[in-house]
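Contents: one structure, followed by commentary.
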Amino acid sequence: MSAVDSRALEHVSDPNKGPRHAILIDPADQTPDVAGKRAVAAVAAGSQMILVGGSSGTDMENVNRTVVAIQEALELVAWASSQDSGLDEKNWKVPVVLFPQGSTALSPAADAITFMMLMNSKSSKFLIEEQVAGSLFIKKAGISPLPMGYIICAPGGKAGEVGMADLIQPSEIERIAAYATTAEYYGFKIIYLEAGSGAKTPVSPDLIKSARESCNLTIVVGGGIRDGKTAKIAADAGADWIITGNLTESFDNADELQRALASFIDEMNN
Ligand code: 1GP
């Protein structure tokens, strides 16, 4: 039996480094080449994790090609940095993490996977079946599992629909506290509070605060966050990681993306 490499989990759950920013790359939305360029721009701007996945339209083929392209692009800039004593090679070493729609959209080239239970799904498929279906592939490929409770909040978007989620409403402070506590009791290390990609309203800070007060887990928040000010509100409420998908994919020019994300991260942290 191969030992699980815990480096990605240590990176993601480091309590002394928050709040941090990560991008989400959806293989259904861009070519692998563009995904690689966006990943390099994001890491240059200060993003510290690359999530790869989407709620629909992904499969082994497009996920793998995208992950490989991102890994190669990051390795290339890391190598270039190592040749230039003015730049630090280790800054380019951020984990490329699968954030999969299911067991049929994986890549052995990923460093880690959000091994998640969609806790408020009404379907056993997202509670346990997809995880069982993918587990041996993950083990054989040596992808590091990040045990995570995925909780979808209103409006929920496509993730909520596809995942058949019984959405958490902004007023359901106690309900989110119960989910956060349950996630901790299950031994998960991370919870992801999701409003859905492109959500008009992000996860309410009251929900984030309630989750923060209820557990000692790493809290990831995403869905509908388009600017640093909104990210700061989520971070101040207790988020350790802020994810942006649409914002990242709205730039075709890598330099513009890098500038936009650098100011996003700056605003989030100040
Ligand atoms: C979706 O939380 C992510 O899973 C990102 O959402 O595309 O709205 O940034 P956005």
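Remember, it's 1-based here, ligands and their atoms both numbered in the order they're listed.
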Go through ligand 1 atom by atom and flag the ones less than 4.0 Å from a non-hydrogen atom of Thr244. 9 (O)
Stepwise, does the side chain to side chain donor-acceptor pair (under 3.5 Å) test hold for Gln101 with Ser55? CA-CA 5 Å; Gln101 73 178 80; Ser55 311; over 6 Å; no
Which protein heavy atom lies closest to atom 3 (C) of ligand 1, and at what distance to 0.1 Å? Tyr192 OH, 3.4 Å
Can you find an N or O of Ser197 that's nearer than 3.5 Å to an N or O of ligand 1? yes
Considering only NZ, NE, NH1 and NH2 on the basic side and carboxylate oxygens on the acidic side, decide whether Arg38 and Asp33 come within less than 4.0 Å. no
Which ligand 1 atoms does Gly222 reach within 4.0 Å, using its non-hydrogen atoms? 2 (O)
Under 30°, 30 to 60°, or over 60°: which ring-plane class applies to Tyr150 and Phe99, parallel, tilted or perpendicular? perpendicular
Where the side chain of Ser210 meets the backbone of Ile173, is there a donor-acceptor pair that is under 3.5 Å apart? yes
What atoms in ligand 1 come closer than 4.0 Å to a heavy atom of Gly223? 2 (O), 3 (C), 5 (C), 6 (O), 8 (O)
Pull out every atom of ligand 1 sitting under 4.0 Å from any heavy atom of Leu24, numbered as shown with elements. 1 (C), 3 (C), 4 (O)
Just to be sure I read this right, does ligand 1 sit under 4.0 Å from the backbone of Asn246, its side chain, both, or neither, counting only heavy atoms? both
Quick one: does Gly224 get an N or O within less than 3.5 Å of an N or O on ligand 1? yes
Which atom pair, heavy atoms only, marks the closest approach of Gly160 to Leu167? CA-CD2, 4.3 Å
Report the nearest protein non-hydrogen atom to atom 4 (O) of ligand 1: residue, atom name, distance rounded to 0.1 Å. Glu194 OE1, 2.5 Å
So does Arg7 pair up with Asp5, basic N to acidic O under 4.0 Å? yes
So the atoms of ligand 1 within less than 4.0 Å of a heavy atom of Phe99 turn out to be 4 (O)
Check each atom of ligand 1 against the heavy atoms of Gly198 and keep those under 4.0 Å away; list them by number with element. 7 (O), 8 (O), 10 (P)
Tell me which one of Val12, Val94, Ile23 satisfies side chain to side chain contact (heavy atoms under 4.5 Å, CB included) with Met49. Val12
Atom 9 (O) of ligand 1: which protein heavy atom is closest, and how many Å away? Gly245 N, 2.8 Å
Should the pair Lys125-Glu130 be classified as a salt bridge under the 4.0 Å nitrogen-to-oxygen rule? yes
